[in-house]
Structures are given as structure tokens and as C-alpha cells.
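Have a look at the structure below, then the notes.
In this text, all values refer to a predicted model and were calculated from it rather than measured experimentally.
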Amino acid sequence: MTTVASAYDHLRTKELEGSRIPDFVLGALLPIPMVVGPFSVNMYALMGCLALATLRKPPAGDRLPWWYPTILVVMSGWMALSMLYNGLRTYQELGYFSLWALTTLVIATGRLDRLSLSRGVGVGVVLGCLAGLASYYLDIGDNNYPGRLTGYIWPDPNQAGYFISVMGAIALVGVRSGWPRRLLLALLTLCLVLTWSRTSIMAMSVGAVWFAVRRRASPTMSVAIVALAAYLFQDWLDRLKSWGPFAERAGSDALRQRIDAAAQQLVDMHPWIGRGPGTAQVKVQERLFYFHNAYLAVRNNGGWVLLGLLLVLLALVIMWMLRLPPADHHPWHEAALIALLICATGLGEAFLRAPGAVAVGLAMRHAINPRELVRGIGEKSTDRVF
């Protein structure tokens with residue numbers, strides 16, 4: 001065995017211990033979608049998470065349910081089959097999806113320190129919020145959407161709302177309850193509202209309903225109430241399209257409708273196997289646009305089969321969390337998944353991006369071992385909203 005291989009083998013057999021600075025740094029990079037070189041910063045962070053995980057053993061006694069890795073492997077295989085069926089050579093997009101699936105898997109195994117990762121995510125989200133506020137109030141940085149929070153890190157307001165709602169909920173996992181959590185929550189709420197992203201505001205509103213009912217009703221009843229609230233909020237936000245700050249967006253709303261209609265036509269071409277990875281773009285008015293609905297984007301990439309596998313995975317992760325004893329529930333892991341499911345209705349790449357991988361992976365990790373977080377933050381229960 002060579003010296004390098006021997007050193008690697010020594011590192012690989014060590015359990016998670018000692019310095020967690022790499023986990024923290026990688027977490028701080030995950031909310032940053034800026035492109036540097038061939039890839040985005042958070043894609044490099046996903047690669048780093050995967051590389052770091054290979055150096056560690058999972059905590060003793062923790063076991064993933066069989067269905068979790070099985071679904072992720074089948075999803076990757078189906079995406080590859082869709083690529084071959086459609087005669088594509090989009091190996092980079094297939095590789096990115098495989099990276100997403102593997103990171104979702106290794107985060108759930110506990111090879112990365114959840115508390116350090118969440119706190120790092122918090123730093124990244126706060127930096128994005130501060131950059132957005134600097135753009136909004138001081139006109140510093142990118143400001144392509146006047147009157148809406150964007151900034152150098154998140155140049156699109158809908159993208160900003162997506163990162164704040166999904167990654168912000170993950171950030172709140174790593175903050176102690178009490179005034180530190182309330183302070184961060186106030187910053188996230190302010191910035192989320194300033195994006196004027198209807199979908200993100202809806203995610204925040206539905207999350208608030210979940211917090212109001214989750215302790216007062218059974219899990220099944222709580223999920224039903226939240227689903228009804230999501231339907232009602234969607235109808236209410238549709239009615240607000242011609243009101244106040246939303247009234248000036250009639251042109252962009254009409255364009256979005258044309259993009260959705262054209263996307264639906266493309267998806268219907270191969271409804272079961274999809275059109276393959278890297279094809280979720282549509283031509284409207286002689287311009288190429290990404291899909292504006294992640295459910296349609298997943299169907300485009302792998303048909304009803306891929307979307308069904310993804311939704312089954314999410315449903316099982318949610319069920320596994322809700323079957324925990326009440327004291328071990330974690331409201332902010334739950335909120336991250338709610339935000340992911342809702343933001344996916346208005347953003348074409350919401351599911352299969354870094355926030356989705358982290359939200360699903362950490363939620364599964366909590367379902368497997370909720371007490372590790374209690375030991376890390378020094379509290380008696382994880383079931384604290386504020």
C-alpha cells in the first residue's frame with residue numbers, strides 16, 4: 001500500500017470527531033449560487049461534502065431505512081435511462097443529479113456534523129440577506145429588480161426567497177432557542193417579505209399555520225390542515241396579482257403563463273420517461289427560459305416515474321419524522337421541507353439543487369437520530385419553534 005493510500009485509509013476509518021470547521025465552511029458555501037469557473041459555489045460545496053464524507057465512518061448504531069438509499073439509486077438509474085432513451089449526451093447534468101443524490105444520502109448517514117453544517121448555512125444565509133439589504137437600501141451590488149430584494153449573492157428575487165425560506169429554516173436548526181433564534185428569524189422574515197416573491201411568502205405563511213397546529217392535532221390532521229391552508233393561500237395570492245406591489249408584474253406574469261404552457265407541451269411528449277437531464281428549458285418569444293415549476297422540471301427530466309419516486313421519498317421522510325415522540329420533533333426541519341415543496345411550484349430548479357439535498361438529507365438524519373442535536377445544543381427537547 002502506498003503512503004497516500006495508507007494515510008487515506010487511516011482517515012477513512014476515523015469516526016466523526018475533533019474539528020468540525022470543514023463542515024461549518026462547507027455549510028457557509030451551500031447558500032451561495034454564484035458561478036465561479038465551470039460550476040456554482042454551492043455545487044463545489046456539495047462536492048466538498050461528498051469528499052469529506054468519504055473520510056468518515058457513520059456514527060455507530062445508526063442505520064438508514066432500506067427505502068432511502070434504494071429510492072435515490074433508482075432515481076439516478078432512471079435519469080440515466082431517460083438520457084440514453086432520448087439519445088442525449090448530457091453527462092454533466094446527469095453527474096450533477098448523481099452528486100445531488102449522493103450528498104442527500106451521505107448527509108443522512110451522519111458523516112457530516114449536523115450542527116456545524118446548519119450553523120455554516122446560517123452564516124451563508126445571513127451574508128446573502130446582508131447583500132440583499134445593501135442592494136435594496138443602498139443600491140450596492142446587483143439590483144436588476146428595483147423595489148425587490150436581490151443582491152450580489154442572489155440576483156433574482158424568487159431565487160432569494162427560495163434560499164431564505166429553505167436554507168433559512170435549516171439555519172434556524174443550528175441556533176439556540178430564545179433571543180438568538182428570534183433575532184435571526186426577524187432578519188429572515190424581513191428579507192423574505194422584501195423579495196415580494198408570492199411563492200416564498202406563501203411558504204412562510206403555510207409554515208406559520210404548521211407551527212400553529214402541529215402540537216394541537218394529530219400528525220394526519222395537521223398535514224390535512226396545512227394542505228388546505230396551502231390551497232387557500234394559493235387562491236388568495238392569485239387574487240393579489242393586481243394589487244399594490246404585485247400590480248406592476250402583469251407582463252412578467254403573462255410571460256410566466258406562456259412559459260408554463262409551453263413547458264407542459266414539452267413534458268407531454270414523453271410523459272413517463274421524460275426528455276432527459278438538462279432539457280428543462282423552453283423557447284418563448286425566440287428566447288430560452290428555464291421552467292418555472294420544479295414539478296414540471298422533474299417530469300421533464302424523468303417523467304412521471306422520476307417525480308413519483310421523488311414525492312414518495314419526501315413523503316416517507318416526513319412520515320419518519322412525524323412518527324418520532326413529540327419531544328423529538330423538530331419544527332425547523334419540518335419547515336424546510338414545507339418551504340421546499342411550496343417553492344417548487346414557482347421555481348423550476350427547486351428540488352434538485354443544493355437546498356433540496358440539504359433539507360431532505362438533514363430531515364432524514366433527524367428522523368434517524370434526533371437526540372444527537374439535543375446533546376449538541378444542550379437543550380432538553382428539539383421541539384422548540386422560538
Could you tell me if [Y] and [X] have a donor-acceptor pair between their side chains, going purely by distance under 3.5 Å?
| X | Y | value |
| --- | --- | --- |
| Asp383 | Ser381 | no |
| Asp260 | Gln264 | no |
| Arg215 | His329 | no |

Which heavy-atom pair separates [X] from [Y] by the least distance, and what is that distance?
| X | Y | answer |
| --- | --- | --- |
| Leu310 | Val298 | CD2-CG2, 4.0 Å |
| Leu362 | Leu117 | CD2-CD2, 4.3 Å |
| Cys343 | Ala203 | SG-CB, 4.4 Å |

Sub-6.0 Å ring centroid separation between Phe386 and Trp332: no

Here the gap from Leu72 atom CG to Leu105 atom CG, rounded to the nearest 0.5 Å, amounts to 6.0 Å

Within a strict 4.5 Å, meaning less than it, do heavy atoms of the Leu188 and Leu172 side chains meet? yes

Thr195 and Cys191, any side-chain heavy atoms less than 4.5 Å apart: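 Sidechains of Thr195 and Cys191: no contact.
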
Measure up the His333 and His366 rings against each other and bin them: parallel (under 30°), tilted (30 to 60°), perpendicular (over 60°).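 Taking His366 first and then His333, their aromatic rings sit tilted (interplane angle of 30° to 60°).
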
Taking the six-membered ring of Trp304 as reference, does the cationic atom of Arg299 (NZ for Lys, CZ for Arg) lie under 6.0 Å from its centre and within 45° of its axis? yes

